[in-house]
Amino acid sequence: MTLAVLAALVAAFAFALSTTLHQRAAKQQQRRRALDLRLLSRLVRTRLWQLGWIPDVVGVCAHAVALRYGPLTLVQPLLASGLFMAILIEAGWRRQPVHRRDLAATLVGTAGLVTFLAAADPRAGVTEPGASAWGWVTAGTVAVVTGCLAAARRAGDAARGTLLGIAAGVLYGVSAALLKAVAARWHGDPLALALDPRSWALVVVTLLGVQVNQAAFQHGRLAAPLVALTLTEPVTGVLIGATAFRETLSLTGVRLPLVVGAVVALVVGVRLGASRSARDPAPARRR
């Protein structure tokens with residue numbers, strides 16, 4: 001468990017740095033629609049976006065190690081610490097103090113996740129979910145992501161960033177579940193890994209998550225989509241862990257109200273981040 005915790009924190013920092021670089025690159029692109037399918041083709045040619053993949057690869061490797069030795073219900077909430085790191089990195093990059101509402105959003109949201117982690121006391125379950133379990137995961141993912149994308153098309157700038165951030169968070173949560181399944185089956189055979197359908201599903205879901213994630217970064221300040229993404233991803237991971245992977249959570253006695261309070265804190269964190277973004281003017285873009 002110690003290795004899983006340390007690896008998860010390393011992944012959180014690496015993802016925070018990568019997110020900041022990718023968000024700045026996405027901000028420099030012209031906004032067109034809620035989900036611009038050509039956005040990635042433009043971003044891939046920019047040096048800043050390419051540079052962001054260096055810490056991202058480090059984060060994926062650390063994340064895989066964490067998921068191999070720890071349950072989803074432990075690792076995914078720990079990744080939320082990257083939210084605070086990313087906003088600090090962005091503030092340092094802009095040479096501006098952290099906005100109080102941004103700080104409040106991250107502190108409330110992270111406090112909720114830490115409380116959930118301590119109160120729920122997650123324990124490992126099965127390493128190989130059945131086909132029916134993956135079917136329910138797929139159906140739920142399609143429903144939530146489709147709903148968020150449809151709502152984002154009609155939403156204003158700040159709300160659009162939040163909705164796309166939620167969709168990206170769900171996709172990344174599913175990606176983490178697939179990564180855990182793939183990592184558990186990895187025994188040093190590249191051919192077996194390439195032939196595993198979960199590997200291909202991991203690639204598809206991750207690429208879709210990246211597309212939606214970059215679109216989210218184009219709308220509002222970093223806090224709104226990042227808070228939504230960072231808090232939705234661990235919630236998705238916990239739900240999949242508790243159902244598909246049959247990981248256990250302690251919800252008896254005084255633990256139950258603590259977990260409920262933690263969930264409320266998550267919602268408040270998302271709301272604070274989104275409301276701060278709504279009051280911010282659109283930043284200047286390079287021509």
Side-chain angles (χ1 to χ4, degrees), residues 1-13 15 59-60 62-84 108-130 132-138 140-141 144 166 168-185 198 201-202 205-206 209 227-267 269-270:
M1 283 295 188
T2 301
L3 178 59
V5 170
L6 292 176
L9 292 176
V10 170
F13 177 78
F15 287 145
V60 169
H63 194 191
V65 172
L67 289 171
R68 184 177 178 87
Y69 295 101
L72 274 167
T73 47
L74 170 70
V75 173
Q76 293 308 107
L78 283 173
L79 289 185
S81 60
L83 175 64
F84 186 50
V108 170
T110 303
L113 287 170
V114 171
T115 301
F116 173 87
L117 199 62
D121 188 24
R123 305 288 179 86
V126 302
T127 58
E128 189 69 24
S132 60
W134 284 120
W136 283 109
V137 170
T138 301
T141 302
V144 174
I166 291 172
V170 171
L171 290 168
Y172 283 154
V174 175
S175 177
L178 290 167
L179 181 60
K180 179 175 179 60
V182 170
R185 292 173 61 88
R198 280 166 289 255
L202 173 61
V205 173
T206 301
V227 168
L229 185 156
T230 309
L231 299 183
T232 304
E233 181 180 354
V235 169
T236 303
V238 167
L239 289 175
I240 297 175
T243 55
F245 286 84
R246 300 178 187 175
E247 296 171 0
T248 58
L249 301 173
S250 299
L251 300 177
T252 58
V254 72
R255 293 178 183 272
L256 181 58
L258 286 175
V259 169
V260 172
V263 173
V264 171
L266 298 181
V267 175
V270 173

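Please read these numbers as outputs of a predicted model, since none were measured by experiment. When a residue number appears, it is its place in the shown sequence, counting from 1.
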Problem - For the student: nearest non-hydrogen atoms of Ala124 and Pro71, plus distance - result: CA-CB, 3.9 Å
Practice task
Measure the CG-CG distance between Leu9 and Leu79 for me, rounded to the nearest 0.5 Å.
Solution key: 8.5 Å
Problem - Side-chain donor or acceptor of Arg68 paired with backbone N/O of Ala183 under 3.5 Å - result: yes
Exercise for the section: Please tell me if the side chains of Val260 and Pro257 come closer than 4.5 Å, counting only heavy atoms from C-beta onward. Expected result: no
Handout entry: Neighbour count >12 (heavy atoms, 6.0 Å) for atom OH, Tyr69
Key = no
Handout entry: Where Ala265 and Gly112 come nearest, the two heavy atoms and their spacing
Key = CB-CA, 3.6 Å
Practice task
With sequence neighbours excluded, tell me which residues meet salt bridge (charged side-chain N to carboxylate O under 4.0 Å, His left out) with Arg198.
Solution key: Glu128, Asp196
Practice task
Would you check if Thr236 and Tyr172 make a side-chain contact, meaning some heavy-atom pair closer than 4.5 Å?
Solution key: no
Practice task
Identify the two heavy atoms, one from Pro234 and one from Gln76, that lie closest to each other, and give their separation to 0.1 Å.
Solution key: CB-O, 3.2 Å
Exercise for the section: Check for a donor-acceptor pair, side chain of Thr141 on one end and backbone N or O of Val137 on the other, with a separation under 3.5 Å. Expected result: yes
Problem - From Leu249 atom CG to Thr252 atom OG1, the distance as rounded to the nearest 0.5 Å - result: 11.0 Å
Problem - Contact check, side chains of Val10 and Leu6, non-hydrogen atoms, under 4.5 Å - result: no
Problem - Donor-acceptor under 3.5 Å (Lys180 side chain, Gly241 main chain) - result: no
Handout entry: Leu78 CG to His63 NE2 distance, which is reported to the nearest 0.5 Å
Key = 10.0 Å
Practice task
Evaluate the criterion side chain to side chain contact (heavy atoms under 4.5 Å, CB included) for residue pair Leu258 and Phe116; output intermediate values, then yes/no.
Solution key: CA-CA 7 Å; Leu258 286 175; Phe116 173 87; over 6 Å; no
Practice task
Output, in order, the C-alpha distance, side-chain angles, deciding distance and verdict of side chain to side chain contact (heavy atoms under 4.5 Å, CB included) for Ile240 and Phe245.
Solution key: CA-CA 7 Å; Ile240 297 175; Phe245 286 84; 4.1 Å; yes
Fill in the blank from the handout: All heavy atoms of Pro129 vs all of Val126, minimum pair found to be N-CG2, 4.4 Å
Practice task
Please examine the side chains of Leu72 and Val238, heavy atoms only from C-beta on, and report whether any two atoms are closer than 4.5 Å.
Solution key: no
Problem - Nearest non-hydrogen partners of Ala176 and Leu67, listed with the distance - result: O-CD1, 3.3 Å
Exercise for the section: Give a yes or no on whether the backbone of Thr73 and the side-chain of Glu247 come within a donor-acceptor separation of less than 3.5 Å. Expected result: yes
Exercise for the section: Kindly give the heavy-atom pair with the smallest separation between Gly59 and Ala11, and that separation in Å. Expected result: O-CB, 3.5 Å
Exercise for the section: Among Leu171, Thr138, Leu179, find the residue that satisfies the side-chain contact (heavy atoms from CB on, under 4.5 Å) test when tested with Val205. Expected result: Leu171
Problem - Straight-line distance of Ile166 CD1 to Thr232 OG1, nearest 0.5 Å - result: 5.0 Å
